[in-house]
Protein chains: 2
Amino acid sequence: MARRGPRPGGADTRADILVAAERAFAEQGYDGATVRRIAATAGVDPSMINHHFGGKDELLMAVLELPMDPQPMVAAVLGASPTAPGAALLRRALAAWESGPGQLTIGMLRSSLHRDRTVGLVRQLLERRVLAPIMAEMTVPEAERPWRVSLLATQMLGLIMMRYVIRIEPLASADHDQIVTAVGPTIDRYLQGDVD
Amino acid sequence: MARRGPRPGGADTRADILVAAERAFAEQGYDGATVRRIAATAGVDPSMINHHFGGKDELLMAVLELPMDPQPMVAAVLGASPTAPGAALLRRALAAWESGPGQLTIGMLRSSLHRDRTVGLVRQLLERRVLAPIMAEMTVPEAERPWRVSLLATQMLGLIMMRYVIRIEPLASADHDQIVTAVGPTIDRYLQGDVD
DNA sequence: CTCCTATTTCATCACTTGTTGAAATAACAG
DNA sequence: CTGTTATTTCAACAAGTGATGAAATAGGAG
C-alpha cells in the first residue's frame, strides 16, 4: 500500500496538483484552500507541493499563469462588428463567464482580491492577457486606448461582481438579452464614443 | 501589573474591540485578521472577544453592522439635480470612497468577498442601506427601479474595484473630473435613460 | 460595610497550518 | 546488470489558530 518512489505509468503528478489547486483556490480562496486538501484531492502527498512548486505561494502563481485566453474572442468580436461591438462582446463574455472554466476564473479572481500580492498578479494578468489584446484590435487613436479600455474594464468587472459574486437581484437572474440591451451601449460608448 | 477584574474608569472594552476589529478586517481580511492581534491592538485580552461577542464570526457580524450611511448623500444629490444626477452622484461617491471611513468600507467589502456567508451580509447591507435609499428617491416608474439600480451598482462597484483595489492605470490616477465626464452619462442612462 | 455579579487576566487546550528531512523506490543511463 | 537520479511516502516539527475554564478583582446593590 502506497509504496514509495515514482508512481508507475506516466502519471503527471505536477499536472494533477495544478488542476486540484485551481479548483481549490477558486472555490475556497487562498487561505481556505489548504495544501493538505489540495494534495489529497490530487491523490498525492502534501510534501509533493513543496517538491514540485516550492511552496503554497509559488503554487498559486503557477495556477494563476493558466487563465482563459480571451484573445481569439476579442479579435473575432471587434473584427466582425466594428460599429457596435458592445452587444457582441457582452454576449460572448456572458457565455464565457458561465462556462466551467469561466466560473473557475471568477473564483480565482474572487479569492485573489484580498491579498495585496495576489492582487498585483491579477492586475498584471488583466493588463497583459485581456486589456492589451483588446487595445490591439481597437480603431480609435492609440493614445486614447488605455483610458477607454480601463473604462470598459470597470463596467465588465462590475457586472461580474454584481451578477456572479454578490448576486444582486434582478441582475443575477436577468436574461442575457436584457443585459445586452442595457449595458451594450455603455460598452460601445467606452470603446468608441465620447468619453472626454 | 495587569491586575484582573474590570478596568477602572468607564473604559468601554467592547467599543475598543470594535474599532480595532474594523481596521483589522478592512486591512487584512477575515483570515488575516487574527483574534489575538485585534485584542492586542485594542489593549485587551484575546478572550474578551469571546466574552463580549461570542467568537470571531460574531465579531465580524458586529463590525459589518456599522457602515457609512449613504442616505443623506443620495437624497441630496437626487433631489438637487434631477436631470443629470450622474455627475453629482459620482463626485460625491469618489470623495466619500477616498475619505478615511470610505477606505475602511472598501477594505471591508474586499475582505468580505471571499466567504459565502459574509458575501450574503454584504448583499443585504448593499440592498438595504444603499440601493433601497436610491430607489426611494428615483422618479421613474417604481417597477423599473430595481433593475435600473442594479445596473447602477455594476458601474459603481466596477469603478471601485478597478480604481481602488486592482488599481489599473490610467484609471487609478485619473482626476475626478475625467471620471465624472466619462462615467457620468452611464449613470444617467441607468437611472433615467433607455435601458430596455 | 458586605455580598454579588460582571468583567478581566492567565494558563492552556485541541487543532490546523505550511514546511522539512530522511528513507524508500521506480525509471533510466551506461 | 549496476549505479545514479529524480520522485514519492512517511513522520514529525514549529508556529500559530480560535476557544475554554478557572481564578482574581472592581463596582454596584442591599
Side-chain angles (χ1 to χ4, degrees), chain A residues 1-25 27-64 111-112 114-118, chain B residues 1-25 27-64 111-112 114-118:
Chain A
M1 54 286 275
R3 319 168 74 188
R4 295 177 178 177
R7 299 190 295 178
D12 193 345
T13 302
R14 204 187 139 94
D16 292 348
I17 293 177
L18 275 177
V19 316
E22 186 175 14
R23 282 202 54 158
F25 283 135
E27 289 172 2
Q28 325 183 18
Y30 181 81
D31 302 286
T34 72
V35 167
R36 291 174 141 89
R37 246 197 313 255
I38 292 172
T41 306
V44 300
D45 189 88
S47 61
M48 297 311 294
I49 285 171
N50 289 279
H51 185 38
H52 283 287
F53 297 91
K56 191 187 184 182
D57 282 26
E58 289 88 341
L59 176 60
L60 176 64
M61 312 279 181
V63 168
L64 282 180
S111 64
S112 306
H114 83 297
R115 295 260 170 181
D116 281 344
R117 199 180 51 258
T118 53
Chain B
M1 49 275 297
R3 319 168 74 189
R4 296 176 178 178
R7 299 190 295 176
D12 193 344
T13 302
R14 203 187 139 94
D16 292 346
I17 293 176
L18 275 177
V19 316
E22 186 176 15
R23 282 202 54 157
F25 283 135
E27 290 173 1
Q28 325 183 19
Y30 181 81
D31 301 285
T34 72
V35 168
R36 292 173 141 87
R37 248 198 312 256
I38 292 172
T41 305
V44 300
D45 190 87
S47 61
M48 297 311 294
I49 285 171
N50 290 280
H51 184 40
H52 283 287
F53 297 91
K56 192 186 183 182
D57 281 26
E58 289 87 342
L59 175 60
L60 177 63
M61 312 280 182
V63 168
L64 282 179
S111 64
S112 305
H114 83 297
R115 294 259 169 179
D116 280 343
R117 198 180 51 257
T118 53

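In what follows, every chain begins at residue 1, and chains take the letters A, B, ... in the order their sequences are listed.
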Check: protein-nucleotides 17-21 of chain D nitrogen or oxygen pairs below 3.5 Å:
residue : atom : partner : partner atom : Å
D:dG18  : OP1  : B:Val35 : N            : 3.3
D:dG18  : OP1  : B:Lys56 : NZ           : 3.0
D:dG18  : OP2  : B:Val35 : N            : 3.0
D:dG18  : N7   : B:Arg36 : NH1          : 2.4
D:dG18  : O6   : B:Arg36 : NH2          : 3.2
D:dA19  : OP2  : B:Asn50 : OD1          : 3.4
D:dA19  : OP2  : B:Lys56 : N            : 3.2

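Atom CG in B:Asp16 sits roughly 14 Å away from atom P in C:dT7 (whole-Å rounding). Look at NE2 on A:His51: it is 7 Å from P on D:dT8, rounded to the nearest Å. Distance B:Met48 CE to C:dT7 P: 8 Å, rounded to the nearest Å. Going from atom CG of B:Asp12 over to atom P of C:dA6 covers 17 Å, rounded to whole Å.
For B:Glu27, the side chain to side chain donor-acceptor pair (under 3.5 Å) partners at least two apart in sequence or on another chain are B:Arg23. Under the rule for a side-chain contact (heavy atoms from CB on, under 4.5 Å), the partners of A:Ala21 that lie at least two apart in sequence or sit in another chain are A:Phe25, A:Ile38, A:Leu59, A:Val63. By the side-chain contact (heavy atoms from CB on, under 4.5 Å) test, A:Thr34 is found to be paired with A:Arg36, A:Arg37, residues two or more places apart in sequence or in another chain being considered. For B:Asn50, there are no side-chain contact (heavy atoms from CB on, under 4.5 Å) partners two or more places apart in sequence or in a different chain. Every residue two or more places apart in sequence or in another chain that forms a side chain to side chain donor-acceptor pair (under 3.5 Å) with B:Ser47 is listed here: B:Asp45.
Using modelled atom types, no side-chain atom of A:Lys56 and backbone atom of A:Ile49 make a donor-acceptor pair closer than 3.5 Å.
Within 4.0 Å (heavy atoms only), B:His52 reaches sugar-phosphate atoms of the nucleic acid but no base atom.
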